[in-house]
Each structure stands twice: as C-alpha cells, then as structure tokens.
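Below, read A as the first sequence line, B as the second, and so on, with proteins coming before strands; counting in each chain starts at 1. Just so it is clear, the structure is predicted and the values come from calculations on it, not from any experiment. Worth knowing before you read on, the calculation uses all heavy atoms, side chains too, and leaves out hydrogens, waters and symmetry mates.
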Amino acid sequence: MGGWLKRFLLRARATLSSRHDREVRDELALHLQLMEEEYLAQGVAPDQARQRARREFGNPTLIQEASHDLFSFRPAEELAHDLRYAAREARRSVSFTCIAVGSLAIGIGAATATFAVIDAVMLRPLPVRAPERLIAFSTASDKAWTNWSYAAFARWRNAAADLYAVAASSDVMALNMASDGSAPSDDVRVSLVSDNYFQVVGADIVLGRSFAAADTAARGSANVAIISDGFWRRRFSAAPDVLTKTIELGGAQHAVVGVARRGFVGHSVGYPSDVWVPLTVQPMLMPGLQGLDESAGSEARWLKVVGRLAAGVSFDRAAAAAGLVRQVFLTEKAARLGVHSPESARDREERFRLVAAAKGDTPVRAHFERALTILAGITLLVLLVACTNFTNLMFARSEARRKEFAIRLALGGGRWRLVRQSAVECLGLATVAGALSLLFATWATSMAMTLVAAIEPVDFALELNVRVLAFVSCCALVAVAFGLWPCTRPVRSAEISSVRQATDEWGDGRVRTVANRLILIVQLVVCTVLLIGAGLLLRTVVNLRTQDLGYDRKVLLIPIATERPGLSQESAPAVVEQLRERLSAVPAVQAVGISGSVLLDLNTYWVDGSQRLSTDRGGVLPGMQWTFASVSRGFFEAVGMRFVSGRPFADSPEVDAHEVVINQSLATFLFGEDDPLGRRLASSPRGPMQTIVGVVKDVRQVSPRDRGLGVVYVPLRRFSRVTLAVRVADASPAAAASIRQRAGSLVGNLRAGPITTISEELDRAIARERLMTGIALFLAVLVVSIGCVGLYALMSYDVARRHRELGIRLALGATGGQLVTIVLRDAAAILIPALAIGIPLGVAVSRLLSSQLYGVGTGDPWILVTAGVLLSIVAMGATFRPAKTASRIDPIALLRRE
Amino acid sequence: MGMRSPHAPRGELLQGTLPLLILRTLASGPNHGFAIARRIKQISKSVLRIEQGSLYPALHRMELDGLIESYWDTTENNRKAKYYRLTRRGSRELTTETQRWNSIAAAIAAVLHEG
C-alpha cells in the first residue's frame with residue numbers, strides 16, 4: 001500500500017532537490033575513504049592507497065549520475081528544462097511574447113466573459129438542496145414562469161400534498177426601507193413568500209429560523225422578515241445580533257427572524273431578493289390589490305408557484321395531478337363567472353404545464369437570449385482570430401529558428417526533443433494567456449454588468465466556478481492545438497534540407513508562407529464579417545435615434561403617481577388637472593398634455609392582435625396588432641402629433657366619453673379608402689360604440705420600432721399614474737432645468753418621478769440595442785487589431801526573409817518606391833481575397849441579425865463599402881512600415897555582409 | 001572500468017546474485033555500503049569479491065524497489081554513514097530468493113555430479 005507512495009516520495013525528492021545527489025556523493029566518498037584506510041592499514045603507501053582505492057572503485061561521478069537517473073523523474077526534469085528555455089526565449093523577444101499572450105488572453109477572455117454570463121443565466125442550478133427535485137407551475141415557457149392568483153396557488157397547495165410540496169412567492173419589488181429607526185435609505189428588494197417557501201425551495205436558514213405557520217396565522221399582524229446573507233453583510237455588517245433588529249417596510253416594523261444561506265437570493269435569476277416577508281403582509285405592501293382571496297374567480301395574478309417533488313414521485317405523475325387540480329379549479333371558476341366570460345375564455349386558451357425548475361425562474365433569459373446568442377457567436381469569432389493569430393505567430397517564430405534547429409539536428413540533437421521544446425513553449429504561452437484571460441474576463445463582465453444594470457435592474461452573481469474554469473482550460477487547449485501545428489514544421493523542413501540550405505536565407509519562402517497567408521485570409525474574412533455586423537448594428541442604433549418619431553423629442557415628461565393617502569381615486573383627475581393648469585401658466589410652457597401611458601415605454605401598454613375590434617359595420621377580422629392609449633385632449637398638441645383629418649376629442653366631460661381618435665394605420669385597416677370620421681368603433685365585443693372624431697399620423701407609440709401598429713386614443717378617465725407632457729418654447733438645457741425645477745415645486749404633494757425628455761426616454765428604450773452595438777464594436781475593433789498585428793508580423797517577417805532578393809533588385813536598378821509596391825502588392829494579395837470572401841459571407845451571416853436591425857438591410861451597400869474600405873486602410877497601414885523597411889535596404893551593406 | 005585486483009582469485013558473481021547477497025548480509029543487521037561489501041568478502045572467505053562500484057547502483061535500485069530502506073547514522077568510528085536495513089518486503093524477498101537459489105544450486109549440483 002504505502003510502497004508506491006514511499007517510492008514516489010523518494011523520486012520526488014531526487015527530482016526536486018539536490019539533497020539526494022549530495023547524499024550519494026557523501027556515501028561514495030565515505031566508501032572511498034574507508035577503502036583507502038583499509039589499504040593504509042595493510043601498509044600501502046598513502047598516495048598509492050588512494051590511487052588503488054580509486055582504481056578499484058571506479059568512477060564515482062558515473063555512479064552518482066546513474067543513481068540520479070534511477071531516482072529522478074526524467075520527463076519532469078526535462079520539462080523543467082524546457083520551461084526554463086521557454087522563459088528565456090520569452091524574455092528574449094518581449095514584443096512577440098506580449099503580442100502572442102495578449103491577443104490570446106483577449107480572445108479567451110472575451111469568450112470566457114460571455115460564457116460566465118451564459119453560465120449564470122442559463123446553466124447554473126439554484127444554490128439549494130437537490131435542485132433537480134424542484135418544479136414550477138407555469139404555462140408555455142420554462143424560462144419565465146407564469147404568475148398565478150392566490151386562489152390558484154391555494155388549490156395546488158391543498159390538493160395532492162403527498163406528491164409535492166408547494167410554495168408561492170411574489171416577484172421582487174423595490175421598497176423604501178429604514179432599519180432600526182434610521183432614516184429611510186435606498187431601496188431594498190423584497191419578496192412576499194408563503195411560510196413554507198424556504199423548505200420547499202430547499203434554502204437553508206443559517207441564522208435564526210425560517211417562517212412558521214404561526215407567522216401567517218393572523219393576517220397582516222405577523223411582521224417578521226428573513227434577510228439574505230448579502231443584505232446581512234451589507235446593511236448590518238454581518239452583526240451576530242441581527243435577530244434583535246427590525247426593519248421598516250411600508251411603514252411597519254418587521255422583526256428579523258432569520259438569515260438565509262450565503263448565495264441564496266431567491267428563485268428568480270437576475271432579480272435577487274434582499275428581504276423575504278410572509279404573503280400575509282400583502283395588503284399593507286401592495287394596497288389596492290385583493291391578493292389573498294381564496295375564492296375562485298379572484299384573479300389578481302401576482303404569485304410564482306414553485307414546488308418540490310416528494311421522494312419517489314415521478315415528474316409525470318406530479319404533472320398529471322397538478323393538471324387535474326387546475327382543471328377542477330377552472331371548472332369551478334367558470335361556473336362562477338360564466339362560461340362565456342372573457343376570464344374563462346382566456347383560461348381555456350392557457351396551457352398549464354409543470355416545468356423543471358432547477359435553474360430557477362429566468363425571465364432574464366427570455367430577455368437576453370437573443371443578445372447572448374449573438375454575443376456568443378461574435379466572441380467565438382474573436383477566439384478563432386486570436387487562435388489563428390497564435391498559429392501565425394508561432395509559424396513566424398519557428399521560421400526564425402530554422403537555423404538554430406538545423407544546427408542542433410546536425411549536431412545530433414533529438415527531433416522529438418525539438419518538437420517538445422516548441423510544444424512546451426506553446427503550452428507556457430497559452431497557460432499565461434489563460435490566466436490573464438481570467439483577469440480580462442473579470443473586468444469585462446463587471447463592466448458589462450454595470451452597463452446592463454443601468455438598463456434593467458438585473459443583478460447576477462457571476463462567479464469563476466468549475467464550469468467557467470473548465471471553459472478557460474478548454475479554450476487554452478484549443479489555443480495550444482493551434483500553436484502546436486507550426487511546431488512540427490521545423491523538424492520536417494530541417495530534416496529534408498541540409499544545414500547549408502536551412503541556414504540559407506533564400507529558401508523556398510513562397511511555399512512555406514502559403515499556410516500563413518491562408519490563415520491571414522481567414523482572419524481578415526472574420527474581421528470583414530464582424531465589421532459588417534457591427535456596422536449594421538451601429539446603423540440600426542443611429543436609425544432608431546434619428547428617425548422621425550412623429551412627435552417632438554424635446555418635450556419634457558413628468559411622471560406623476562397619484563396613489564397617496566388622503567387622495568381618493570375620484571379626486572385625482574381634478575388634482576392633476578389643477579397641476580396641468582398651473583404648469584400651463586408658466587411663461588416658458590407652450591402646452592401641457594396628460595397621458596396614461598408613457599411614450600416608448602412598452603410596459604405601460606397592452607398590445608394584442610387577438611382581441612377583436614368591431615365597427616358600426618360589424619366585427620373586424622383579426623390581423624392587426626393594436627393598442628390603447630388614454631390621453632387628455634391637449635396631449636396631441638403638447639407632443640406635436642399631426643392630425644390627418646378631424647380634431648381632438650371635445651373638452652366637455654359629458655360629450656368626450658364617446659369620442660376617440662385613431663391613427664392612420666388603424667383607419668386604413670378598418671375603413672380602407674373610406675372616410676373614417678364619424679364612424680363608430682368598439683374595442684371589445686360588448687363595449688360601447690365610440691365615435692371617431694380624428695385621425696392622426698402614425699407615431700412611434702409603444703416602441704421606437706413601431707411599424708403599422710394600430711392605436712386607439714381614448715380620453716383619459718380614471719388613472720393612478722399619469723405622465724405630463726410639457727412642451728416648452730426654449731428647449732435649451734438651462735431652460736429645461738428651470739422648468740424642471742418649477743414643475744417640481746408645482747407638483748406639491750403629488751409624487752413626481754424623475755423628469756425626463758422624450759429624447760431621454762428614447763435612449764432608454766433603445767438602451768439594449770446600444771449596449772449590444774457597443775460590445776459588438778468593441779469586439780470588432782479588437783479583432784481588427786489582432787488581425788492587423790498578424791498582417792504586420794507576417795509582412796515584417798517576409799521583408800526580413802527576402803532581404804537579399806530585395807537588395808539585389810535595388811542593386812539592379814529598382815527604386816525604393818518599386819520595392820514598397822512589391823510589399824504592398826503582397827499584402828493586397830491577402831486582403832483582396834479576404835474581402836472577396838468576407839463581404840458575401842458577411843451579408844449571409846448578418847441575416848441572422850435581421851430581426852435586430854432597423855431601417856437597414858443586411859446587404860446595405862454603404863455598410864459593405866465602409867467595412868471594406870476601413871479594413872483596407874487599416875491593413876495597408878499595418879503593411880506600410882515593413883514596406884518602408886524594404887525600401888531602405890542598403891545594397892552595399894548587404895553585399896559586404898555576403 | 002575493467003580493472004580487477006590482480007591477486008584476487010576469480011570470484012565473479014553470477015548475474016542477479018548481488019541483491020540476494022546484500023539481502024542476506026542485511027538480515028543480520030543494518031549496515032552501510034562499505035561494511036556490506038567487506039562482510040560479503042569475509043564470509044565467502046574472499047572467494048566472492050564484488051566490484052565496489054557496482055554495489056551502489058544495486059543498493060539504490062533495491063531501495064527504490066522497497067526491499068531495503070536507508071537512514072543516516074554514525075559508524076563505530078564516529079563517522080556519518082548511510083545505513084541500509086531490510087524492510088518487511090525485503091525479508092520476504094530474501095526467503096523466496098534463497099529457496100529459489102537453493103533449488104537451482106541443487107539442480108546444477110545434481111547435473112554436475114551425474115557424470
């Protein structure tokens with residue numbers, strides 16, 4: 001048992017330290033000495049005794065070496081030697097090392113950063129006990145779970161309890177919070193959960209206790225909270241006495257009763273929770289919502305339902321049982337609401353599904369999947385370019401060493417030894433690059449997360465886990481494979497040629513550099529493709545930003561929330577109207593309109609193509625996406641929307657109730673060439689008919705990409721949140737600032753959100769596109785730089801190799817300019833095929849992007865030409881210096897050297 | 001180094017017997033290299049003389065094979081020397097090898113005496 005271990009230790013000691021060698025030396029010396037003494041004792045003369053002992057003993061150095069070889073790990077020693085050699089070589093050509101390592105590190109780093117995000121969003125299971133037993137109650141998608149009503153949750157919880165345990169959780173919401181009497185500080189992310197949530201999900205409470213049934217027994221009275229580990233550290237500095245503290249949420253104190261295990265931040269990926277409170281506090285935190293009604297037919301959907309399979313229960317069995325419970329519930333509900341009620345109709349359409357929930361609820365995945373796929377594609381291209389660049393650099397390197405290798409072979413050096421040396425060097429470079437790539441990836445992900453967090457309130461714990469490290473290692477191995485290829489070459493070529501030939505600078509360069517040229521062409525093709533893709537995305541963002549929105553983008557937007565204690569829903573319109581009048585009276589203000597939805601904010605609209613519109617001519621076939629927008633009469637003028645015909649609704653509240661304005665697309669869809677004015681329209685099967693009094697031109701209503709969306713503008717009636725649109729005479733930043741200030745003071749006791757302009761709203765709406773484009777441009781620039789460094793290296797090498805040829809040309813009367821042309825022509829021979837392949841390929845590949853593009857076709861000639869010209873300029877720039885070197889060759893000096 | 005003491009009677013070792021002799025020598029107690037060589041010579045009444053140089057590669061190989069192990073100690077003359085002693089595996093090896101050797105020797109003797 002211990003035999004091999006002991007043996008290993010003996011050998012390791014001999015390999016790693018010189019002690020073994022020293023000991024053998026001492027041992028042999030003692031033997032010699034004892035022999036000598038024996039001879040002396042026999043009466044041999046001293047110097048003779050020594051000689052005799054030596055003669056009889058043999059060569060101690062040989063014995064010592066034999067012993068060393070016996071004990072030490074020969075391959076390890078040779079590896080150490082090769083590594084030292086590689087390190088020396090790396091120091092000798094610093095620029096080569098930096099370029100090779102740097103470009104690889106960037107390539108691997110970009111891929112790793114993308115992989116880390118993909119891992120966090122798509123691959124990583126929740127940090128809970130046995131995540132594979134988790135199930136979620138959902139409809140179509142297993143990425144983003146469906147919201148259910150409390151009633152639906154209660155049915156699942158009460159039935160089939162032997163098959164699975166069921167818990168519910170609200171979505172994460174940001175609340176203002178104060179802890180232990182301190183002033184309310186920044187928002188805290190709160191989830192409302194059922195009392196068994198932590199047990200069901202499988203998250204441990206490391207400090208204190210989980211929620212108990214007693215916490216939820218009396219509605220609204222149990223004010224307890226469990227906090228996340230991160231929140232505990234952040235807010236309470238990980239104080240052990242946190243269980244004696246309280247936090248204030250929604251005006252009530254909640255006693256902290258537990259801290260969740262580190263890493264657990266809820267079931268929703270990208271939307272972490274800081275604090276969990278029992279479902280029963282819902283009426284206090286979410287006033288106005290009948291969230292805890294258990295009777296069928298109450299359909300405030302605000303809960304995600306998650307379950308855990310009981311031991312030995314198969315997924316299919318649980319799914320069947322849950323489906324049955326759902327059916328029974330729907331039947332009961334239909335009986336109560338009526339089979340023909342819209343609720344019931346919707347329920348029938350909805351397909352219930354039980355889904356595996358190991359990876360948690362990932363709405364963010366649905367959001368970013370497309371962008372992540374594109375990003376993954378781009379970063380793989382970057383990696384490809386970095387790897388091929390590595391191949392090319394190693395090629396150049398092995399060429400530069402032909403002389404050395406040929407001499408070593410001629411002197412009897414082993415071929416395998418030479419290959420191994422290059423391989424070790426390659427491995428060393430790739431390892432360093434892999435380590436550096438982790439730094440780059442860390443930087444890139446934190447950068448990207450900051451940018452993403454500015455757009456959406458997502459928050460991932462990106463980690464360098466086993467999967468990410470394995471990915472980096474794989475990338476590094478791929479790079480090694482790319483770099484190894486040239487390593488086998490010097491041997492082959494040196495083998496066939498004599499030392500004389502190999503050391504001769506003439507060689508047959510053309511054949512040898514064909515591979516390098518092909519690699520460079522591949523790189524430049526990738527550059528072209530990426531430049532085209534990035535160009536299309538850039539054009540899209542520019543188009544989105546500069547397009548005619550149909551209204552004035554300098555209009556100020558003031559969001560107002562009227563849900564205030566002491567302000568009844570009935571009196572809210574009057575208060576807002578007052579505010580509107582006061583604002584209108586401000587001299588710089590030209591017009592003020594009120595809107596129930598926010599321009600360009602998709603979340604404030606309900607867009608549907610299935611709901612049927614009907615006109616006074618009867619029902620209309622579906623086939624058009626349309627939406628509502630409730631606005632005040634003055635809104636059209638305030639934002640600068642243009643009427644094609646007709647007028648805004650009337651001012652009088654009695655009349656305008658039945659008047660609507662529609663947009664041109666809808667008018668054309670409904671009435672064709674006929675005049676829509678005076679016609680009547682109902683937006684739901686049983687709804688009242690409303691008279692069309694005006695038609696406005698299409699505008700970008702719900703998003704900057706609207707195309708032909710039908711919009712019905714209805715008079716603003718009841719609301720809880722509105723946006724004031726303020727048109728100002730002078731839109732300079734200074735004037736806008738003063739209006740903002742003025743408006744702020746006028747808003748008074750209504751709650752006003754941050755005042756923005758429509759321009760800013762537009763930027764926010766296209767923030768995801770802008771981020772994507774920014775990343776794509778950044779990576780395109782990286783790839784083009786790597787490609788051009790490769791081109792520069794190859795051309796420099798080429799000029800050095802053809803030094804003598806070029807010198808002779810000069811001596812024979814060629815001018816410096818002609819030599820420059822020769823080199824540039826060589827570069828063009830790489831660039832032109834690359835463009836010829838890259839441009840059509842770019843057009844083909846960018847089809848994958850077409851759903852992301854706006855106002856630009858995949859084959860847009862301007863983009864193609866710009867990408868081609870840009871790449872040509874940069875490539876020629878990279879070739880220019882080597883070309884210049886060629887023109888400066890001094891034939892006299894060259895001849896003298898020969 | 002091909003040099004042999006001119007006055008020594010021919011006592012070259014058969015191949016593979018040196019380890020067995022070393023094991024046997026160490027069976028009577030740990031010892032250092034020089035003493036092992038001397039003892040083999042003494043016991044065999046100077047018939048068996050091992051080449052001093054070949055002793056150490058054999059000792060090292062046996063140590064690596066786990067038959068013997070080494071430690072540093074002082075000799076009776078108060079000198080630091082590397083001592084070798086049998087491991088359990090070494091004594092097992094000694095038993096089996098001795099048996100093997102005896103049976104071979106007996107077989108050879110039988111053949112030689114047959115004529």
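- With a 4.5 Å cut-off on non-hydrogen atoms, A:Ile63 touches chain B through its side chain but not through its backbone.
- With a 4.5 Å cut-off on non-hydrogen atoms, B:Arg61 touches chain A through its backbone and its side chain both.
- Residues of residues 23-32 of chain A that come within less than 4.5 angstrom of chain B, heavy atom to heavy atom, are A:Glu23, A:Val24, A:Asp26, A:Glu27, A:Leu28, A:Leu30, A:His31 in numerical order.
- Under the salt bridge (Lys or Arg N to Asp or Glu O under 4.0 Å) criterion, A:Glu37 pairs with B:Arg79, not counting sequence neighbours.
- Under the side-chain contact (heavy atoms from CB on, under 4.5 Å) criterion, A:Leu439 pairs with A:Leu436, not counting sequence neighbours.
- The number of heavy-atom neighbours closer than 6.0 Å to CZ of A:Arg420, taken from other residues, nucleotides and ligands shown, is above 12.
- Note that NE2 of B:His60 and NE2 of A:His68 are 13.0 Å apart. Values are rounded to the nearest 0.5 Å.
- Proximity to chain B is limited to the side chain of A:Leu10, based on heavy atoms less than 4.5 angstrom apart.
- Distance CZ/B:Phe34 to CZ/A:Phe57: 10.5 Å, rounded to 0.5 Å.
- The neighbour count for A:Arg11 CZ, taken as heavy atoms of other residues, nucleotides or ligands under 6.0 Å away, is above 12.
- Annotation: A:Phe8, atom CZ; neighbour count of heavy atoms from other residues, nucleotides and ligands within 6.0 Å does not exceed 12.
- Applying the salt bridge (Lys or Arg N to Asp or Glu O under 4.0 Å) definition to pairs two or more places apart or across chains, those involving residues 64-78 of chain B are A:Lys6-B:Glu69, B:Glu69-B:Arg85.
- Within a 6.0 Å sphere centred on CZ of A:Arg467, heavy atoms belonging to other residues, nucleotides or ligands number more than 12.
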